[in-house]
Amino acid sequence: MRVTGWRCAVCAAEVDIAAPLPWRCPNSTTGDRRHVLQIVDDPGASVVDAPAPDANPYLRHDGDLAWAAYADSNGIDLAARRQLVTELDDAVRGVAGVGFVPTPCGRSDELSDALGFAEGGGVWVKDETGGVGGSQKARHLFTILLHLRAAEILGHLTERPPLAIASCGNAALAAAMLARAADWPIDVYVPTWMSDGFGDELDRLGARTHRCERRAGDPAGDPAMLRFREAVAAGAFPFTVQGPENALALDGGRTLGWEIGERLADQHVGELDRIFVQVGGGAFATCVGATHPARRFHAVQAEGCAPLALAWERARATSGTEPVAVADRWTELMTPWPDPHSLADGILDDETYDWIGVFGALIGTGGAPIVAPEHLVADANQLAVDAGFDVSLTGSAGLAGLLHERRGHADGSGILPDERVAVVMSGVRR
């Protein structure tokens, strides 16, 4: 197994890989959630030969995943882990109509031509719209569920408190599907503006939905996240895609980056020049940023909600952007965005909760945040749909960042026609 433990990026506290329910840093408190556990691994460690490339990603990458290392360290062998993954995947398939399989990744000739790329360059697309729940969110959540089931098998968990999540879109849908598959109760905390139609879908899946108004005396931040945290404090399990709330959300999402690398190798493409990833809470970007095969990483936000870009500029103006230099300045640098709004309404997290991980990906590749104006968010979605992708405005927001860079800047910079770039389409149109 490659994963050897957990370490907080803020205070350096360590958690043993054998520990059950390693949701948060042990120094995280109700009054100070500004901690995040990150995976510690040994990239040189040997792993058991992986199944075929078309296998379930949690089977293929068993030796790379934290949930599996926890199970292994407590005596659940490879055969038993594979059986557990297969059984849960079958249950998910019964609810969602699709299980966990590698999703398509290849050059989009339509997008490449539309954006003026040369034959040797172009746009590669990782298409998550056909995955569980129509987005990548279930990838993050499935490792939490696998850890919970392993904990039950080991006797580390003897009852089932409700799961809890704060979300208004793809994450809530994925969480409700997985909870239904596992026959586990779930409470979903949503903003008041969530559509009735989406609420009906959550009801159909058996989720208990709570619309969250701002209360007198609430601190700054998303009311749905505040109510979610209250539920966790009362005993619910955080079934969420924010790393500071549940570190295991940063485990399964890494399968996306690994798959991109595998598909590029199959196509003899080699290393990408750039990859563009849309950023809301930041777990998606953190995971892909840790595993992607590209020279430069770009984190894309909409101009109506860009807390990551604001934190980046604040850091550049003061201590610098290295994660080690900013971790103890969380309160100063990452503040709630006052009025989140965008056509890409699925990335309107008023804080980029996993910003430290995103900073690490940006710094490690010489990248920087991109803030896409609304007209490019709309243009990107139209281009994506015209190219055959059944993707939402949120799901194509990474492409808006590519448009921003491809069209160049006043200083003549921009992406060259022979560059090989990638985006992830994640979030099916509803």
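For the pair Val421 and Phe276, the tightest heavy-atom approach, listed with the atom from each and the gap, is CB-CE1, 4.2 Å. The minimum heavy-atom distance between Ala179 and Leu163, with the atom names listed, is CB-CD1, 4.0 Å. Scanning both residues, Val279 and Ala299, for their nearest heavy atoms gives CG2-CB, 3.6 Å. Across all non-hydrogen atoms, the minimal contact from Val391 to Ala384 is CG1-CB, 3.6 Å.
Considering CG of Leu399 and CG of Leu111, their distance stands at 6.0 Å, rounded to 0.5 Å. Note that the CG atom of Asn74 and the CG atom of Leu154 stand 5.0 Å from one another [nearest 0.5 Å]. Atom CH2 of Trp6 is separated from atom CD1 of Ile17 by 6.0 Å, given to the nearest 0.5 angstrom.
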Between Ile39 and Arg254, is the side chain to side chain contact (heavy atoms under 4.5 Å, CB included) condition met? List the steps. CA-CA 11 Å; Ile39 290 168; Arg254 298 179 299 152; 3.6 Å; yes
Before giving the answer on salt bridge (Lys or Arg N to Asp or Glu O under 4.0 Å), spell out for Glu87 and Arg149 the whole-Å C-alpha distance, their side-chain angles and the decisive distance to 0.1 Å. CA-CA 11 Å; Glu87 289 175 353; Arg149 285 289 295 116; 5.1 Å; no
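Phe237 and Trp184 have tilted rings, their planes meeting at an angle from 30° to 60° on a 0 to 90° scale.
Contact of the Asp266 side chain with the Arg263 side chain is registered, since non-hydrogen atoms from C-beta on lie closer than 4.5 Å. Counting heavy atoms from C-beta on, the side chains of Met1 and Asp62 come closer than 4.5 Å. The shortest side-chain heavy-atom distance between Ser135 and Glu128 does not fall under the 4.5 Å cut-off.
Using a 3.5 Å distance cut-off with no hydrogens or angles, the side chains of Thr255 and Arg139 do pair a donor with an acceptor.
Take Thr394 and apply the side chain to side chain contact (heavy atoms under 4.5 Å, CB included) test, not counting sequence neighbours, and it matches Ala344, Asp345, Ile347, Ser392. Every residue meeting the ring-ring contact (aromatic ring centres under 6.0 Å, His included) condition with Phe100, not counting sequence neighbours, appears here in chain and number order: Tyr58, Phe142.
More than 12 heavy-atom neighbours from other residues, nucleotides or ligands sit within 6.0 angstrom of CZ on Arg295. For Asp183, the CG atom is loosely surrounded, since the number of other residues' heavy atoms within 6.0 Å does not exceed 12.
Here ring pair (Phe, Tyr, Trp, His ring centres under 6.0 Å) pairs that include residues 194-231, with residues two or more places apart or in two chains, are Tyr189-His210. The ring pair (Phe, Tyr, Trp, His ring centres under 6.0 Å) analysis of residues 65-98, with sequence neighbours excluded, yields the pairs Tyr70-His147, Tyr70-His156.
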Please report, to 0.1 Å, the donor-acceptor pairs under 3.5 Å made by any side chain of residues 354-376, with sequence neighbours excluded.
| residue | atom | partner | partner atom | Å |
| --- | --- | --- | --- | --- |
| Asp354 | OD1 | Gly243 | N | 3.4 |
| Asp354 | OD2 | Gly243 | N | 2.7 |
| Thr365 | OG1 | Phe297 | N | 2.9 |
| Thr365 | OG1 | Ala361 | O | 3.0 |
| Thr365 | OG1 | Leu362 | O | 3.4 |
| Glu374 | OE1 | Leu343 | N | 2.8 |
| Glu374 | OE2 | Ser342 | OG | 2.8 |

List, one per line, each side-chain donor-acceptor pair under 3.5 Å for residues 217-226, sequence neighbours excluded.
| residue | atom | partner | partner atom | Å |
| --- | --- | --- | --- | --- |
| Asp218 | OD1 | Arg227 | NH2 | 3.0 |
| Asp218 | OD2 | Arg215 | N | 2.8 |
| Asp218 | OD2 | Arg227 | NH1 | 3.1 |
| Asp222 | OD1 | Ala224 | N | 3.0 |

